[in-house]
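Following: one structure in structure tokens, then a few remarks.
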Amino acid sequence: MTAQTDTMHSMENHAEACFQYNFAYLDEQTKRMVRRALLKAVAVPGYQVPFGSREMPMPYGWGTGGIQISAAIMGQDDVLKVIDQGSDDTTNAVSIRSFFRKVAGVATTTHTSEATIIQTRHRIPEEALQEGQVMVYQVPIPEPLRWLEPSETETRTMHALEEYGIMHVKLYEDIARHGEIATSYDYPVLVGGRYVMSPSPLPKFDNPKMDNCPALQLFGAGREKRVYAIPPYTTVKSLDFEDHPFAVQTWLRPCALCGSTESYLDEVIVDDAGARLYVCSDSDYCAARQAQGHVGDGMPVAAPQGTGKEA
Amino acid sequence: MYVAVKGGEKAIDAAHALLAQKRRGNPAVPEVGIEQITEQLSLAVDRVMAEGSLYAPELAALAVKQARGDMVEAIFLLRAFRTTLTRFGSSLPVATETMQVQRRISAAYKDIPGGQVLGPTFDYTHRLLDASLLTPSATTEDVSAMAQEQAHATVNNVTYPKVMGFLEQEGLLPQASNTEPPAAPEDITRNPLTLPAGRDVRLQNLARSDEGLLLALAYSTQRGFGSTHPFAGEIRMGTVEVSFVPEELGFPVVLGEMFLTECETVNKFHGGAGIEPCFTRGYGLAFGENERKALSMALVDRALQAPELGEAVMAPAQDQEFVLYHSDNVEASGFVQHLKLPHYVDFQAELGLVRGMREAFARHQASAQATTQANAATGTEEGI
């Protein structure tokens, strides 16, 4: 190292010393406050616990709730994976991962099986989660009844009274009007037979993965100042009717890159004529399959015309 | 062959480099200094301190510079710094009746003890662009001499009685608080909002609320959406001392001074909820010179007192859930702008759903058409 870079480093160190942050950014008192709220959340599965959410150095809507949970539970030996839309490489996942590398110095990974904490926005990895892992979900609107009732005072009362009539009426009206439940993501679930809960904006494809899951699932909504949880091996049921059972999305073709027929696919427009390619949204899962020698056909399909249904 | 997108980290670094370049602008133009911002763009600094809820002019100026003059971004920067600071206690309430005022006016009385002090106000300027400011020039002696005289008048440690006090003396205005104030006020930066919110929580929320939102809400009350019949009882701005009682000393110690703008509105009240006809009060307080904010805040504070005064809650400005949950521009800006983040997965789910619904719709149309044609072919008459 040259003398000049030494000087530069010492200047940087000086600037950093002026703005010293605790391990994982939050101070220990704040972490304890978050952990107390999480303990309550785990004790009452699916119940939204108010907590003293802090302003974070990322904007609200970027995952401040999830980031506060990760910061509160993170230890030096943890291995962190961050995904957004199923991928480790989307800009916000990259940004959150590098934030924790910087303020906590923890190891990070893109491999689901290696991670002890997986922070996510909008997906659950395709690879089954294990005991000892923690899923941290970023939640924009924690209240599953919010689209039906804008008032927080009202919705809290509804949860307390287990009064979920409006939700069932909404689902029924969907069927009456469209022949099916017209909700494709953030599909409401009943947790532990008691609380109706928002799974965060996951595609409903991922809902079954939450049921009886060996991993601990924690949900954080920073702006709305709520956390909630699903302890390991808890019943999570997607709301439905006997004659209109819950069903997940399916695709007519496998992933064009790894040939998987079991994963959630993104539709990518690959040319000006609008040809589409269907590829796994979980980039780690897709890459691992390709490494194992699985190959997709790599073939785009022509743009869907008129009312044609592709997915 | 298509490969999944990689390189987000590089793209982010490149974006940050471009941002730094944009912030600096043309390098041939001298870089703006923090002191220039605190001295010459002081109202920007004041707004950032008020909504950033941190009294720190230098840091607020830094935030303004770093944010390229974007007020909401600068407020966010200051908030994100503030949240990391240790809280060692609460100060004593500041005594605004002892304020060293630079400006103090009442629109309710023609004259008041101590007089009306205009201070540095835009109120009576003619909004004509001043070409002389196009080029830097030395301050003309006339202006500086007058300003000196004005400043001199306010430095001599004179305090001015509160206008609202005269109404209180006459019993026309209930005392600010009928009950003992709580030992420590609620802290909205440490505890989540619960409803119904007490006035301490509401005032804290409004004090850091977006100025534009407060202005719009205050304006809406003036146009009939929750009218409060306000008069500007008193607006004062100036410096107050901030005192703190350290546990180990047991007596107050002055920590420093801050510049505040305080506004109290007088509002006609016909009586109700067991209260005789009287006047009521709206209260606004903001760091720095923030008159528009303080006045707007006072109007909204009064509107939010509707339930306590037995008034029907009919308008947005009176609805505490509506106001308190949507007032924070750091929250609002974040959530609105998060729409720029990727939503591929959910959009894919919606694509599938809408395509499916369109297919079902087309099937339904086709079968309806087939039935009509079949009926026509067999000569069946439909309807009467």
Side-chain angles (χ1 to χ4, degrees), chain A residues 19 21 27 50-57 59-62 64 84-87 89-95 98 121-123 140 151-153 178-180 182 184-186 201 203-205 223 225-226 249 256-257 264-268 270 277 279 281 283 286 298 304 307-311, chain B residues 1-9 11-12 15 76-77 79-84 86-87 187 189-196 321-322 325 328 330-364:
Chain A
F19 296 98
Y21 299 112
D27 62 275
F51 81 114
S53 176
R54 301 295 194 252
E55 267 125 354
M56 298 300 284
Y60 289 114
W62 264 242
T64 55
D84 187 341
Q85 314 297 299
S87 168
D89 281 303
T90 34
T91 39
N92 199 37
V94 167
S95 164
S98 76
R121 178 168 169 263
H122 295 195
R123 275 309 311 276
S151 163
E152 175 70 9
T153 317
H178 309 293
E180 61 179 319
S184 60
Y185 65 92
D186 207 352
K204 65 178 180 178
F205 181 88
R223 185 180 42 77
K225 302 174 178 58
R226 298 287 185 277
Q249 289 100 341
L257 299 181
Y264 189 88
L265 300 182
D266 277 343
E267 177 177 330
V268 185
V270 287
L277 198 69
V279 295
S281 109
S283 54
C286 193
T307 58
K309 186 187 180 186
E310 193 54 49
Chain B
M1 167 87 191
Y2 171 84
V3 282
V5 186
K6 289 255 178 194
E9 201 145 9
I12 291 172
F76 181 19
L77 283 168
R79 288 263 196 102
F81 174 72
R82 176 197 197 276
T83 193
T84 65
T86 314
R87 179 134 336 176
D187 184 347
T189 67
R190 288 297 185 262
N191 301 313
L193 177 68
T194 51
L195 297 168
E321 188 162 350
F322 182 83
Y325 266 114
D328 191 297
V330 178
E331 289 176 3
S333 163
F335 198 49
V336 167
Q337 296 207 67
H338 105 284
L339 292 174
K340 296 181 293 190
L341 293 179
H343 285 75
Y344 326 131
V345 163
D346 293 345
F347 188 65
Q348 181 62 46
E350 294 290 64
L351 273 175
L353 181 69
V354 173
R355 283 175 185 150
M357 281 162 52
R358 286 170 64 86
E359 201 179 57
F361 180 78
R363 266 199 314 272
H364 182 76

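Per chain, numbering begins at 1; letters A, B, ... match sequence-line order. Just so we're clear, the structure is a prediction, and the values are computed from it rather than from any experiment.
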Heavy-atom proximity to chain A below 4.5 Å, by part of E321(B): side chain
From CA spacing to verdict: side-chain contact (heavy atoms from CB on, under 4.5 Å), H338(B), R121(A): CA-CA 12 Å; H338(B) 105 284; R121(A) 178 168 169 263; 4.2 Å; yes
Between CE on residue M56(A) and OG1 on residue T84(B), distance to nearest 0.5 Å: 10.5 Å
T90(A) OG1 to L341(B) CG distance, which is reported to the nearest 0.5 Å: 9.0 Å
Atom group of T189(B) that falls short of 4.5 Å from chain A, counting heavy atoms: backbone
Part of D266(A) lying under 4.5 Å from any heavy atom of chain B: both
Per-residue contact mode, T91(A) against chain B (heavy atom under 4.5 angstrom): both
F347(B) portion near chain A, given a 4.5 angstrom heavy-atom threshold: neither
Point-to-point distance, once rounded to the nearest 0.5 Å, from CG of L77(B) to CD of E55(A): 11.5 Å
Atom pair NE2 (H178(A)) and CE (M357(B)), whose distance is rounded to the nearest 0.5 Å: 4.5 Å
Q85(A) (side chain) donor-acceptor with P342(B) (main chain) under 3.5 angstrom: yes
L193(B) CG to K225(A) NZ distance, which is reported to the nearest 0.5 Å: 8.0 Å
Contact leader toward chain B among P203(A), S151(A), P57(A), A182(A), where contacts are heavy-atom pairs under 4.5 Å: S151(A)
Worked verdict on L353(B) versus E180(A) for side-chain contact (heavy atoms from CB on, under 4.5 Å): CA-CA 10 Å; L353(B) 181 69; E180(A) 61 179 319; 4.0 Å; yes
Contacting region of T64(A) [heavy-atom separation from chain B under 4.5 Å]: neither
Heavy-atom contact with chain B under 4.5 Å, split by part of R54(A): both
Top of D187(B), V330(B), V336(B) for chain A proximity - count of heavy-atom pairs under 4.5 angstrom: V330(B)
Smallest separation among heavy atoms of P50(A) and P192(B), with atom names: CB-CG, 3.6 Å
Structural part of H343(B) lying under 4.5 Å from a heavy atom of chain A: both
Non-hydrogen atoms of P140(A) and F335(B) that approach each other most closely: CB-CE1, 3.5 Å
Toward chain B, the part of S281(A) with a non-hydrogen atom under 4.5 Å: side chain
Heavy-atom pairs under 4.5 Å with chain B, option from C286(A), A93(A), G86(A), G61(A) with the top count: G61(A)
Part of Y264(A) lying under 4.5 Å from any heavy atom of chain B: side chain
Atom pair CH2/NZ of W62(A) and K340(B) - distance to nearest 0.5 Å: 5.0 Å
ring-ring contact (aromatic ring centres under 6.0 Å, His included) involving Y344(B) - partner list, sequence neighbours excluded: none
Sub-4.5 Å side-chain heavy-atom contact between E9(B) and S98(A): yes
Chain A interface, residue from P196(B), A15(B), A360(B), G334(B) that has the most non-hydrogen pairs under 4.5 Å: G334(B)
Segment of E152(A) engaging chain B (4.5 angstrom heavy-atom cut-off): both
